[in-house]
Amino acid sequence: MTSAVDGPGPYVLGIDFGTESCRAAVIDARGQVAGVASSGYATTHIRPGWATQSPDDWWSALCAATAHVMGTTGLAGDQIAGIGYAATTMTVVPMTASGEHLDDAILWMDVRAVEQAGRAASSTSVALRYIGDGAAPASAEWFPFKAAWLAENHRDLFDHADYLVDAADWLTHQLTGAWTQNINSAALRMFHNRDEGGWPTDFYAHVGAAEALAKVPERVVDLGTRVGSLTADAAHALGLRAGTPIAQGCGDAWAGQIGLNALRPGRMALITGSSHVLTGQSATPISGPGFFGAYTDAVLPGQYTVEGGQVSTGSVLKWFVENFARDVSAEAERRAADGTSACSPYELLNERSRHLPPGAEGLVMNEYFQGNRTPYTDGQARGILWGMSLRHTREHLYRAIQEAVCYGTEHNLRTMRQAGLDVTTLVACGGVTKSRDWIQMHADVTGVPIELTEVGDAVVLGAGILAATAAGLYPSVSEAAEAMVHTAVVLDPDPARHEAYRPYVDAYIETYPLLRDPIHRMQDHLA
């Protein structure tokens with residue numbers, strides 16, 4: 001929990017419901033975070049592939065985080081001019097019209113609806129444009145398939161639910177009493193397309209979710225729109241002022257895109273951590289194999305949002321350090337204890353591998369340890385390492401993992417370029433940005449400049465930008481982002497290193513298609 005109140009405000013409250021905790025941040029109109037606090041909640045896995053959470057736990061966490069951050073900043077509830085929020089998506093909550101949840105929420109990572117998702121492959125609906133023109137398998141995480149699973153396997157619950165809503169829309173009702181469907185979840189995970197008349201009823205019928213459309217709120221709302229005011233009950237629970245403007249919220253990654261001000265075509269958000277998410281805007285509704293979208297109006301009205309990503313990135317480097325560099329971790333702890341230097345094992349390994357040339361002297365790895373999100377959307381994909389010799393050391397392997405993640409990012413960008421999307425700037429946030437070596441490597445491999453912003457927690461800032469828009473502090477989300485997001489540093493690619501990396505990127509891209517069949521056979525054998 002941190003605090004840095006400076007000046008009279010105005011202030012807004014940005015909320016981020018992540019997978020493990022709820023974060024609440026007080027942010028001023030300049031985009032400076034005055035205070036932030038978090039409170040966690042548990043995930044239940046009652047069967048393999050299932051994941052659920054309790055909305056009661058969500059609400060308790062929000063109340064706790066809000067109380068902590070308001071107490072830390074010393075602000076009164078009436079000093080909060082607006083509230084915005086982001087949440088995981090697609091997390092399905094069955095609700096009654098009066099606002100009671102009928103069961104735990106089916107979390108975004110829950111993949112019980114594999115059978116229902118498989119039905120999409122035989123559809124001829126225009127909805128398939130959103131998943132690479134149908135070239136990619138549909139994800140069991142998405143709304144129509146979870147809704148179809150409920151209709152087929154939990155019929156009493158399905159029938160009693162007046163609404164099936166995403167986590168962000170659950171929170172809209174908790175705060176305002178209104179039922180709305182945010183355009184972000186609708187377009188990104190529910191196949192809604194305003195250019196094609198809205199909901200693709202033919203697609204929902206094809207996958208077995210036709211009845212679910214009657215359980216989706218009718219009002220589909222753009223992000224940052226004032227959807228209502230804080231109710232007296234919610235204000236009492238949160239210690240805020242009844243009547244405070246509430247902004248239409250969205251999915252967490254796209255709040256991050258807003259909080260990075262990646263809102264003009266050519267700018268793309270790179271949200272890093274255990275995985276990588278790429279999301280940006282297009283002026284035209286491009287589509288094609290290897291990426292998701294372009295989603296109509298998903299972030300800003302009149303634009304289209306494209307999406308790609310890598311399932312395992314930072315998680316692969318963490319796996320390597322925890323399993324093959326325990327002595328380095330111990331050395332980092334000793335240095336910190338004796339005051340020699342405060343550093344992490346990653347920093348030590350960065351120092352020891354920095355002398356290596358691009359390509360780690362002939363090593364090529366991919367990062368598909370947990371499958372591939374794009375461009376293959378292949379859950380059976382697995383990691384590959386080749387080019388080993390007796391010259392190679394642990395530091396070579398460490399560097400090869402870092403480079404593999406960068407190659408995967410460039411592979412996604414090449415795929416989008418082939419469809420006509422020209423990315424001229426990446427705006428990055430998350431764990432990888434803590435390593436200047438690694439984030440510079442992303443710039444060198446892709447050949448694209450990378451901006452780092454002053455506020456690293458882009459999701460809560462994005463939620464605050466939505467709040468500032470709904471509160472009338474700025475006339476639009478775009479103008480709020482321009483005023484509240486500030487560039488801290490720009491990392492330009494090194495042209496020589498970019499050219500040196502090119503053959504390694506080509507080799508990385510060539511490798512997996514050659515080994516896909518034996519990898520799939522092995523995964524089938526292990527199943």
Side-chain angles (χ1 to χ4, degrees), residues 268 270 272 275-276 278 280 290-291 308-314 316-317 320 346 349-369 372-376 381 383-389 391-418 421-428 430-452 489-515:
M268 177 161 283
L270 173 60
T272 73
S275 63
H276 274 26
L278 284 163
F291 65 95
Q310 297 157 260
V311 177
S312 47
T313 55
V316 182
L317 204 66
F320 179 82
Y346 302 96
L349 287 165
N350 283 341
E351 291 176 8
R352 296 172 186 179
S353 62
R354 193 171 288 140
H355 68 284
L356 294 173
E361 296 190 302
L363 287 186
V364 177
M365 177 183 274
N366 74 33
E367 79 292 358
Y368 304 166
F369 281 43
N372 175 275
R373 183 174 296 145
T374 57
Y376 301 121
I384 301 167
L385 172 66
W386 60 270
M388 291 286 290
S389 76
R391 173 171 173 75
H392 290 114
T393 65
R394 176 171 61 183
E395 285 69 31
H396 285 85
L397 290 170
Y398 178 83
R399 174 56 65 90
I401 293 171
Q402 290 185 314
E403 291 176 335
V405 171
C406 299
Y407 300 162
T409 301
E410 168 62 4
H411 191 187
N412 274 284
L413 293 178
R414 286 189 185 184
T415 302
M416 294 175 183
R417 290 186 195 112
Q418 289 171 359
L421 185 71
D422 184 22
V423 176
T424 57
T425 304
L426 291 169
V427 194
V432 172
T433 63
K434 296 176 183 178
S435 169
R436 188 57 59 89
D437 291 84
W438 200 7
I439 199 66
Q440 179 66 53
M441 189 185 295
H442 280 75
D444 293 342
V445 169
T446 62
V448 178
I450 297 181
E451 291 183 9
L452 305 180
V489 65
V490 178
L491 303 176
D492 290 315
D494 182 307
R497 293 180 71 84
H498 177 63
E499 287 304 314
Y501 273 123
R502 189 183 300 277
Y504 291 98
V505 176
D506 293 341
Y508 167 96
I509 292 173
E510 292 168 4
T511 297
Y512 183 68
L514 297 173
L515 291 174

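In this structure, the ring-ring contact (aromatic ring centres under 6.0 Å, His included) partners of Tyr512, at least two apart in sequence or on a different chain, are Tyr368, Tyr376.
Just one residue in the list Val364, Leu515, Leu514 forms a side-chain contact (heavy atoms from CB on, under 4.5 Å) with Ile384, and that residue is Leu515. Under the side-chain contact (heavy atoms from CB on, under 4.5 Å) test applied with Gln402, the options Leu317, Thr313, Val316 reduce to a single match, Leu317. Paired with Gln310 under the rule side chain to side chain donor-acceptor pair (under 3.5 Å), one option of Thr409, Thr272, Asn372 passes, and it is Thr409.
The two residues Tyr501 and Gly359 make their nearest non-hydrogen contact at CE2-N, 3.7 Å. Residues Ile439 and Ile450 share a closest heavy-atom pair of O-CD1, 3.5 Å. A pairwise comparison of heavy atoms in Trp438 and Gly314 identifies CH2-CA, 4.2 Å as the closest pair. Closest of all the heavy-atom pairs between Gly290 and Asn412 is O-OD1, 4.3 Å. Across all non-hydrogen atoms, the minimal contact from His392 to His396 is CD2-CD2, 3.4 Å. Residues Met388 and Leu363 come closest through the heavy atom pair SD-CD2, 3.5 Å.
In this structure, His498 contributes its side chain and Val445 its backbone to a donor-acceptor pair below 3.5 Å. In this structure, the side chain of Thr433 engages the main chain of Gly430 through a donor-acceptor pair within 3.5 Å. Side chain of Thr374 to main chain of Gly309: a donor-acceptor pair is present (N/O by atom type, distance under 3.5 Å, no hydrogens or angles).
Between the NE2 atom in His276 and the CG atom in Leu270 there is a gap of 5.0 Å [rounded to 0.5 Å]. To the nearest 0.5 angstrom, Glu403 atom CD is 10.0 Å from Asp444 atom CG. Atom OH of Tyr504 is separated from atom OH of Tyr407 by 7.0 Å, given to the nearest 0.5 angstrom.
Side-chain contact between Arg414 and Val505 is present, with at least one heavy-atom pair separated by less than 4.5 Å. For the pair Leu421 and Phe291, the minimum side-chain heavy-atom distance is 4.5 Å or more. Within the 4.5 Å cutoff, the side chain of Leu426 has heavy atoms near those of the Leu278 side chain. Side-chain contact between Met268 and Val448: absent, with no pair of heavy atoms (C-beta onward) separated by less than 4.5 Å. Annotation: side chain of Pro449 is in contact with side chain of Asp492 (closest heavy-atom distance under 4.5 Å).
Side chain to side chain, Tyr508 and Glu367 meet the donor-acceptor criterion of an N or O pair below 3.5 Å. Donor-acceptor pairing under 3.5 Å is lacking for the side chains of Thr511 and Asn366.
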Original post:
Step by step, would you call Thr425 with Val490 a side chain to side chain contact (heavy atoms under 4.5 Å, CB included)?
Top reply: CA-CA 10 Å; Thr425 304; Val490 178; over 6 Å; no

Original post:
Stepwise, does the side chain to side chain contact (heavy atoms under 4.5 Å, CB included) test hold for Arg399 with Glu361?
Top reply: CA-CA 10 Å; Arg399 174 56 65 90; Glu361 296 190 302; over 6 Å; no

Original post:
What's the verdict on side-chain hydrogen bond (donor to acceptor under 3.5 Å, both in side chains) for Asp494 and Gln440, showing C-alpha distance, side-chain angles and the deciding distance?
Top reply: CA-CA 9 Å; Asp494 182 307; Gln440 179 66 53; over 6 Å; no

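Remark: Glu410 does not engage Arg502 in a salt bridge, criterion side-chain N to carboxylate O under 4.0 Å.
Among residues at least two apart or in separate chains, salt bridge (Lys or Arg N to Asp or Glu O under 4.0 Å) pairs with a member in residues 434-443 are Arg354-Asp437.
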